[in-house]
2 protein chains.
Amino acid sequence: MKVKEVSELTGVSIRTLHHYDDIGLLVPDQVTEAGYRLYSDENLADLQQVLFFRELGFSLKHIKELLSSPTFKRLEALELQRDMLVQKKSQLERMLATIDRTIQSEKGENIMTNEEKFKGFDFAKNPYEEEAKARWGKKAVEQTNSQFTKEIQEDMNRIYYKLADIRHLEADSIEAQEAIEEWFLLLNRIGSYSLDAFKGLGEMYVADERFTKNIDQFGEGLARFMRDAMNVYVDQQ
Amino acid sequence: MKVKEVSELTGVSIRTLHHYDDIGLLVPDQVTEAGYRLYSDENLADLQQVLFFRELGFSLKHIKELLSSPTFKRLEALELQRDMLVQKKSQLERMLATIDRTIQSEKGENIMTNEEKFKGFDFAKNPYEEEAKARWGKKAVEQTNSQFTKEIQEDMNRIYYKLADIRHLEADSIEAQEAIEEWFLLLNRIGSYSLDAFKGLGEMYVADERFTKNIDQFGEGLARFMRDAMNVYVDQQ
DNA sequence: TTTGACTCTAACGTAACGTTAGACTTTATA
DNA sequence: TATAAAGTCTAACGTTACGTTAGAGTCAAA
């Protein structure tokens, strides 16, 4: 299948297909002697993955890393994408609720605070903050001076630094597994993580750029290392 | 309210607020002697509009045009944005349906065509095509050689050129109103447009860039002209 | 008064394409 | 078979919407 046909089938521009080939994101399986790109069914399935991740806000660089990772599995990726699309739908519904209330407000039917007007716009929120809100309740998060919160934060930072220090080790090493157990126990001080949920969280560390960005502040590649170690930890229980 | 507070309230970065001020999209009501920006409640309500339109994929330039249009009314904009958010939610649901079917396909539970894999990805679709599908049914659209379809297309193009020729006239001129009546009648050969729906469609011509882009191919500013003429036509019935 | 947080302007950099141009290739028709 | 139109290529500049960095000025609390 050549570029025009792929473009019409998928809605992606020819220029974009060239671009994706140039950056190695989606390389056609064949190229004719004239230089024409020929895309296979496998290429189309990959393109679908790319488009889903793109729709979810992933950078092309990140998408490329995910797709080329040795541990990448299409079915798992689809399930992860599905979860994230459901979250995105929830956000959209929050925005709809906000706009409905704003319409009522414009009609004089209610009063809205400025804060309420921006519900649903979660652009810069730190996912830990969202996680923490869900776990601790809103009040605890706002009382950032509380002792319990401080202790948790300090413990989190301590374990991050520890893991960053040993990230050159194998994910199944004794040191790594001890630290990850600490992490698991810490998270279960906050809330209730099953082993499956813990494993899924590790995947999110790598798949969701906001997590990766935050974690890798402690050390390049730490999110990946933690994901791997978390996988080992769960598999050994 | 200064930039940091606005940023934390809304999730928009300080750099973005600077940028929006620079391009005249969101200009703070006050600036201190030191040069500090002070945003009012009115500014925040405008920002909400900006963010909704941005979420819907509007360029900042276009958002600025909409907000500064003499006919801009916040309540109408909110209702339009709501409609568009609902459409976006539908698209997301189509993507979810596609991903669910893809998951089943990966598990060997069904077979998917390449076309089915890209349902929900409507990036480049011409809105007329979507409109036409809804009006004529899918079969008629696919039979693009059918005589009826050809006649409609020809009539559409004829009226577009006619309107493009006279767009320097006033929207309430006799010529404009005659042409718009032709347009209304043509659309009602396709489907069933109430006057209200016709008026709403005119708004979409200007608010939705895909419409604007397609219509303005016949002449710069034609979408706006048609919107105005359609408003006049409806108000005079 | 000092210090740290806040804010400013300026400017370069980035990501992801869109657009334009010229040259080569393919396809359908006369 | 020739021709014209459609298709495809590479290259390169342009666009949009910020992010990042830098240096300087401002404000508020101790």
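A note on names: the letters A, B, ... follow the listed sequences, proteins ahead of strands, and every chain is numbered from 1.
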For [N], does OP1 or OP2 lie under 4.0 Å from any side-chain N or O of [X]?
X       : N      : answer
A/Thr16 : C/dA16 : no
A/Ser13 : C/dG18 : yes
B/Arg37 : C/dT9  : yes

Self-check item: Earlier contact from the 5' end, DNA chain D, for A/Gly35 and A/Arg15
Solution: A/Gly35
Exercise. By nearest nucleotide on DNA chain D, pick out whichever of A/Asp21 and B/Ala34 is the more 5' one.
Key: A/Asp21
Quiz item: Which nucleotide in the set C/dA16, D/dA17, D/dT8 lies at the smallest distance from any side-chain heavy atom of A/Lys2?
Solution: D/dT8
Practice problem: Would you indicate what A/Thr32 reaches in the nucleic acid, counting non-hydrogen atoms under 4.0 angstrom: base, sugar-phosphate, or nothing? | Solution: nothing
Test item: [X] side-chain N/O and [Y] main-chain N/O as donor-acceptor pair under 3.5 Å:
X        : Y       : result
B/Thr102 : B/Thr98 : yes
A/Ser7   : A/Val3  : no
B/Lys88  : A/Leu92 : no

Nearest-angstrom distance from the residue atom [atom1] of [X] to [atom2] of [N]:
X       : N      : atom1 : atom2 : value
A/His18 : C/dC17 : NE2   : P     : 14 Å
A/Glu5  : D/dT8  : CD    : P     : 9 Å
A/Leu17 : C/dA16 : CG    : C1'   : 14 Å
A/Met1  : D/dT8  : CE    : P     : 12 Å
B/Ile63 : D/dC18 : CD1   : P     : 9 Å
B/Lys61 : D/dT16 : NZ    : P     : 7 Å
A/Ile23 : C/dC17 : CD1   : C1'   : 10 Å
A/Leu60 : C/dT14 : CG    : P     : 16 Å

Quiz item: Should we say atom CZ of A/Arg167 is surrounded by more than 12 heavy atoms from elsewhere, each under 6.0 Å from it?
Solution: yes
Quiz item: Is the number of heavy atoms from other residues, nucleotides or ligands within 6.0 Å of CZ (B/Arg224) greater than 12?
Solution: no
Self-check item: Of A/His19 and A/Tyr36, the one whose closest DNA chain C nucleotide lies more 5'
Solution: A/His19
Quiz item: A/Tyr20 or B/Lys4: which one's nearest nucleotide on DNA chain C is closer to the 5' end?
Solution: B/Lys4
